[in-house]
Chemist: 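My questions will all concern the structure given below.
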Amino acid sequence: MLTYWQRAQKCQNRTAKKLLQLIDNKKTNLAFGVDVTTKDKLLELADKIGPEICVLKTHIDIVEDFDPSVTTGLSELAQKHNFLIFEDRKFADIGQTVEKQYSGGVYKIVDWADIVNAHSVAGQGIVDGLRKVIIEKGSDRGVLLLGEMSSAGNLATGEYTKKTVEMAQANQDVVIGFISMGELVENEPYLINFTPGVKLQAGDGELKQQYNTPESVMAGGTDIIIVGGGIYKADDPLAEAKKYRTAGWQAYQTRLTM
Ligand code: S5P
């Protein structure tokens, strides 16, 4: 198995390269899904947990008191603590709509999010719409496709997942990997797998969410564990984040020796 560093050398997308190098340097494959609904809480948690993570995953549209200082604040914290920002926007529309959703509106996502994700259901046009914005901006940006999902009964399986992998392979300039439950494709080291639905204790969550442990998803070939409530709902989020960080990194080292 290649190390994160070795894989960074195989990426043509600069965000993918930067992310894999950052993971290797900082020794953390933990992404924190900071699903809180106020500006103060969001920035406070990003500052506190920032030193432990490679990626901060946001749902910017759940912040009730949003104003542009939220995203400038997040960008400053990303610099301070050396993490990338992933806006979990799950774009799913035709290219020309997605182009506007990504670049404009209230959130102007392309200006501050290093990474966004998209459902492949809309076909090639969705990647083309996102690519158009990225080229116009001239910034380093990456897109993840939802190849699988964590919720019980989801439809991203079988042929859909296979076609999503093909879409990623055909768009290596902007697509840097997947939301998936493990490694989706072998021998494509430039594609990075991000796995949500992770908790120290496996089991069912609310509203059909399903949880696996950091050890089991890393053994399944994922690269980055996404933890939300396991951290932000804890009495001591920093202590919990350290536990997930250690578990994720140890599981990676175990995989390297196999
Ligand atoms: O299939 C998915 C895809 C995503 S991105 N399942 C998920 O749970 N997510 C996101 O990961 C979800 O939107 C949430 O922000 C996070 C999981 O949060 P947790 O509190 O269940 O750890």
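Reckoned from all heavy atoms, side chains included, excluding hydrogens, waters and symmetry mates. Every number for a ligand or one of its atoms is a count from 1 in the order of the listing.
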Chemist: Out of Ser150, Ala31, Gly228, Gly33, whose heavy atom sits nearest atom 1 (O) of ligand 1?
Modeler: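 Comparing heavy atoms across Ser150, Ala31, Gly228, Gly33, the nearest one to atom 1 (O) of ligand 1 lies in Ser150.
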Chemist: Will you find, in the side chains of Lys163 and Ser120, an N or O donor that is under 3.5 Å from an N or O acceptor?
Modeler: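 Short answer, no.
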Chemist: Can you confirm, on distance only, whether ligand 1 has an N/O atom lying under 3.5 Å from any N/O atom belonging to Ser151?
Modeler: no
Chemist: By number and element, which atoms of ligand 1 are closer than 4.0 Å to a non-hydrogen atom of Ile179?
Modeler: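 In order of numbering, the contacting atoms are 3 (C).
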Chemist: Using a strict cut-off of less than 4.0 Å between a Lys/Arg side-chain nitrogen and an Asp/Glu carboxylate oxygen, indicate whether Asp24 and Arg7 qualify as a salt bridge.
Modeler: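 Answer for the salt bridge query: no.
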Chemist: Looking at atom 11 (O) of ligand 1, what's its closest protein heavy atom, distance included?
Modeler: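 Answer, as residue, atom name and distance: Pro196 CB, 3.5 Å.
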Chemist: Of the backbone atoms (N, CA, C, O) and the side-chain heavy atoms from C-beta on, which set of Met149 has a member under 4.0 Å from an atom of ligand 1: side chain, backbone, both, or neither?
Modeler: both
Chemist: Could you tell me whether Arg131 and Asp128 make a salt bridge, using a distance below 4.0 angstrom between a side-chain N and a carboxylate O?
Modeler: yes
Chemist: Number the atoms of ligand 1 from 1 as they appear, then name those within less than 4.0 Å of a heavy atom of Gly229, with their elements.
Modeler: 19 (P), 20 (O), 22 (O)
Chemist: State whether Lys57 and Asp88 are salt-bridged, where the test is any N-O pair (Lys NZ or Arg NE/NH1/NH2 against Asp/Glu carboxylate O) under 4.0 Å.
Modeler: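 Counted as a salt bridge, because a side-chain N and a carboxylate O are separated by less than 4.0 Å.
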Chemist: Taking the six-membered ring for Trp, are Phe86 and Phe194 parallel (under 30°), tilted (30 to 60°) or perpendicular (over 60°)?
Modeler: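 Correct class here is perpendicular.
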Chemist: Quick one, Tyr107 with Gln101, criterion side-chain contact (heavy atoms from CB on, under 4.5 Å). Give me CA distance, side-chain angles, the key distance, then yes/no.
Modeler: CA-CA 8 Å; Tyr107 302 116; Gln101 291 172 324; over 6 Å; no
Chemist: If you measure from the Lys or Arg side-chain nitrogens to the Asp or Glu carboxylate oxygens, is any gap between Arg255 and Asp223 under 4.0 Å?
Modeler: yes
Chemist: When you measure from atom 8 (O) of ligand 1 to every protein heavy atom, which one gives the shortest distance, and what is it?
Modeler: Gln209 NE2, 2.9 Å
Chemist: Quick one: look at Tyr211 and ligand 1, take heavy-atom pairs under 4.0 Å, and tell me if it's side chain, backbone, both or neither.
Modeler: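 The side chain, only.
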Chemist: For atom 5 (S) of ligand 1, find the nearest protein heavy atom and state the residue, atom name and distance (0.1 Å precision).
Modeler: Asp88 OD2, 3.0 Å
Chemist: Test your reading of the structure: does Glu148 have an N or O sitting under 3.5 Å from an N or O of ligand 1?
Modeler: no
Chemist: Going by atom types alone, do Asp40 and Thr38 pair a side-chain donor with an acceptor below 3.5 Å?
Modeler: no
Chemist: May I ask you to identify, for Lys57, whether its side chain, its backbone, both or neither come under 4.0 Å of ligand 1 on a heavy-atom basis?
Modeler: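 Contact part for Lys57 vs ligand 1: side chain (C-beta onward).
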Chemist: List every atom of ligand 1 that sits less than 4.0 Å from any heavy atom of Asp35, numbering the atoms from 1 in the order shown and giving each element.
Modeler: 14 (C), 15 (O)
Chemist: Looking at atom 13 (O) of ligand 1, what's its closest protein heavy atom, distance included?
Modeler: His59 NE2, 2.9 Å
Chemist: May I ask you to decide whether Asp61 forms a salt bridge with Arg89, counting only side-chain N to carboxylate O separations under 4.0 Å?
Modeler: no
Chemist: May I ask you to identify, for Lys90, whether its side chain, its backbone, both or neither come under 4.0 Å of ligand 1 on a heavy-atom basis?
Modeler: side chain
